[in-house]
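Residue numbers count from 1 along this sequence.
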Amino acid sequence: MLLFSPPVWLFCLIKLASLLGIGAQYTPDWTSLDSRPLPSWYDEAKFGIFVHWGVFAVPGFGSEWFWWHWQGEKNQKYVDFMTKNYPPGYSYPEFAPDFHAQFFDPDQWAEVFASSGAKYVVLTSKHHEGFTNWGSPNSWNWNSVDTGPHRDIVGDLGAAVRKRSMHYGLYHSLFEWFHPLYLSDKKAGFKTQEYVFRKVMPELHGLVSSYKPDLIWSDGDWEAPDTYWNSTSFLAWLYNDSPVRDTVVTNDRWGAGCSCKHGGYYNCEDKYTPGQLPKHKWEKCTSIDTYSWGYRRNMMVYQLLDLPTIIDDLARTVALGGNYLLNVGPTADGTIPAVFEERLRAVGQWLQVNGEAIYASQPWRVQAENTTVPIWYTFKGKSVYAIFLDWPSQYSLKITTPKTSSLSNVRILYENTLYEAVLWSVSLWKNTVNIL
């Protein structure tokens, strides 16, 4: 037997690769999977756009949970809506042909998203209704290629988003309310996995292989454990062998009890807002329409997030180490409601001025203080950013946390009503910023 001693440089290379997570092999268990480093692009991005779009946009009533509220819960409000507006015996699948998307222009959507300052976009590839926004071979005649738009929405939007140098993610619901195989597994106490291996796994593998998403936003997991969903095996393949193994980011919705415990970054719950700095990377997903994620034909202005609320929410989220995913619900004809577009473009105008305090920033040692006005802190490199959204009275802002000196340099960028950047002259004396 011959024994060769490898050179020292090989040990160093192997050690470096191990530290960087390059070539690491993950086993299908949470201890191993949770040890995977989060790809850096995600934390640097900070701000993304969520898009909830599907057949539910056709009735455009209540929320994207329309089908369940109508025929699952038998909610009287939804039953009355159908009785008043549609003929007897009308079924939910009959809405699909009216999901025309005739005005869907992926390049125009991507331009709006880019103008918002977003660095990534997440589209619903399939919501709980089961309708897929691509030509899934496992969803015959219940997908956007076979009926409705007759086009590959996932592919078309992905190409447009990436053309503008944004990352592209896909939301995917594990369960489907009324799928016969899922209902059969559920009736068996999730001791069988017909639905998982004949529907969920083929579709997830197909999505990854065909569209190479930078992010998988899993949902619809809560009724069954991760062992039923085969989640750890899928994630081991995703991290080890998939075409996006080095760049893909995942969330934490992979089975009952996984939320806020396992996965790439944590969602914890819809519109999650921690009271203090979490120890793990997290994301707040929220919707401009506070009543729904999907489009509602009867939404009112007072039910929508206004711009100051969105900006405050974004600043708070980033200061506490999170990413901010802001949702819009397009119409069935493929347009983004003008009020949503206005909000997104306004956020982008704010970020054009203040983005250096947001993108690729980190939570500072103190995340907030409330002296003259509320302040949120971030830092990057040697700079500390104090984000305040209320103008201080007497043009004087008291800051108590940063330790300043005569050598400290203070800049204030202010955005006036015309959204122009104005550099104000400032002076600093005893930790008070005086705006001149």
Side-chain angles (χ1 to χ4, degrees), residues 49-106 108-109 112-113 116 121-133 142-144 147-151 153 157 171 173 177-178 219 270-271 285-307 309-310 325-346:
I49 301 299
F50 213 175
V51 185
H52 273 68
W53 202 30
V55 173
F56 47 79
V58 178
F61 179 80
S63 77
E64 71 287 348
W65 278 59
F66 180 91
W67 194 5
W68 176 257
H69 291 319
W70 170 35
Q71 294 191 320
E73 287 183 341
K74 308 293 185 184
N75 185 298
Q76 197 60 46
K77 181 174 72 171
Y78 292 82
V79 172
D80 291 345
F81 172 83
M82 290 302 299
T83 301
K84 186 180 298 184
N85 295 285
Y86 294 91
Y90 200 89
S91 65
Y92 189 82
E94 291 179 82
F95 283 124
D98 291 328
F99 181 32
H100 296 299
Q102 66 267 40
F103 300 124
F104 171 50
D105 181 346
Q108 190 267 337
W109 281 25
V112 172
F113 299 153
S116 76
V121 175
V122 180
L123 170 72
T124 47
S125 66
K126 184 194 75 170
H127 201 259
H128 311 323
E129 65 187 7
F131 186 90
T132 68
N133 280 324
W142 191 232
N143 66 73
S144 65
T147 187
H150 293 289
R151 63 187 297 178
I153 293 170
L157 183 60
Y171 167 106
S173 174
W177 289 312
F178 302 109
D219 195 18
D270 289 351
K271 305 182 182 181
C285 61
T286 192
S287 184
I288 295 177
D289 181 354
T290 62
Y291 283 36
S292 175
W293 299 87
Y295 173 68
R296 291 187 304 130
R297 289 184 285 173
N298 60 338
M299 66 179 175
M300 307 294 286
V301 170
Y302 73 87
Q303 298 166 339
L304 310 180
L305 294 178
D306 59 21
L307 180 61
T309 300
I310 293 171
L325 188 64
L326 185 61
N327 178 75
V328 296
T331 67
D333 59 19
T335 61
I336 297 173
V339 67
F340 292 166
E341 181 178 344
E342 182 274 333
R343 293 289 194 279
L344 296 184
R345 291 189 185 278

Within a strict 4.5 Å, meaning less than it, do heavy atoms of the [X] and [Y] side chains meet?
{"X": "Arg343", "Y": "Leu326", "value": "no"}
{"X": "Ser144", "Y": "Phe131", "value": "yes"}
{"X": "Glu129", "Y": "Phe66", "value": "no"}
{"X": "Met82", "Y": "Gln71", "value": "no"}
{"X": "Trp70", "Y": "Val79", "value": "yes"}
{"X": "Trp53", "Y": "Leu157", "value": "no"}
{"X": "Thr331", "Y": "Arg297", "value": "no"}
{"X": "Pro87", "Y": "Glu94", "value": "no"}

For the backbone of [Y] and the side chain of [X], can you confirm whether one donor and one acceptor N or O come within less than 3.5 Å of each other?
{"X": "Ser125", "Y": "Tyr171", "value": "yes"}
{"X": "Trp109", "Y": "Gly334", "value": "yes"}
{"X": "Asn327", "Y": "Trp293", "value": "yes"}
{"X": "Thr286", "Y": "Lys271", "value": "no"}
{"X": "Arg345", "Y": "Val112", "value": "no"}

[atom1] of [X] to [atom2] of [Y]: how many Å apart, nearest 0.5 Å?
{"X": "Thr309", "Y": "Ile288", "atom1": "OG1", "atom2": "CD1", "result": "11.5 Å"}
{"X": "Leu304", "Y": "Tyr291", "atom1": "CG", "atom2": "OH", "result": "10.0 Å"}
{"X": "Glu64", "Y": "His69", "atom1": "CD", "atom2": "NE2", "result": "7.5 Å"}
{"X": "Lys77", "Y": "Phe61", "atom1": "NZ", "atom2": "CZ", "result": "5.5 Å"}
{"X": "Leu305", "Y": "Phe340", "atom1": "CG", "atom2": "CZ", "result": "9.5 Å"}

### Message
Ignoring hydrogens, what is the shortest heavy-atom contact between Pro337 and Met299? Give both atom names and the distance.
### Response
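Residues Pro337 and Met299, closest heavy atoms: CB-CE, 4.0 Å.
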### Message
Under 6.0 Å between ring centres: does that hold for Tyr86 and Phe95?
### Response
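When the ring centroids of Tyr86 and Phe95 are compared, they turn out to be within the sub-6.0 Å range.
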### Query
Strictly under 6.0 Å, is that where the ring centroids of Tyr78 and Phe81 end up?
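So the answer is no for these two rings.
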### Task
Output, in order, the C-alpha distance, side-chain angles, deciding distance and verdict of side chain to side chain contact (heavy atoms under 4.5 Å, CB included) for Val121 and Val51.
CA-CA 8 Å; Val121 175; Val51 185; 4.2 Å; yes
### Query
Which is it for Ile153 and Phe99 under the side chain to side chain contact (heavy atoms under 4.5 Å, CB included) test, yes or no, and what are the steps along the way?
CA-CA 12 Å; Ile153 293 170; Phe99 181 32; 4.2 Å; yes
### Query
ring-ring contact (aromatic ring centres under 6.0 Å, His included) with Trp65: which of Trp177, Phe56, Tyr92?
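So the option named by the test is Trp177.
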Do [X] and [Y] get their side chains close enough for a donor-acceptor pair, meaning under 3.5 Å?
{"X": "Thr132", "Y": "Asn143", "value": "no"}
{"X": "Ser292", "Y": "Asp289", "value": "no"}
{"X": "Thr124", "Y": "His52", "value": "no"}

### Query
Checking side chain to side chain contact (heavy atoms under 4.5 Å, CB included) for the pair Thr290/Gln303: CA distance, chi angles, key distance, verdict?
CA-CA 6 Å; Thr290 62; Gln303 298 166 339; 4.3 Å; yes
### Task
Could you tell me how the ring of Trp67 sits relative to the ring of Trp142: parallel (under 30°), tilted (30 to 60°) or perpendicular (over 60°)?
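It falls in the perpendicular class, over 60°.
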### Pair Trp68-Phe178, ring pair (Phe, Tyr, Trp, His ring centres under 6.0 Å): steps then yes or no
CA-CA 9 Å; Trp68 176 257; Phe178 302 109; 5.8 Å; yes
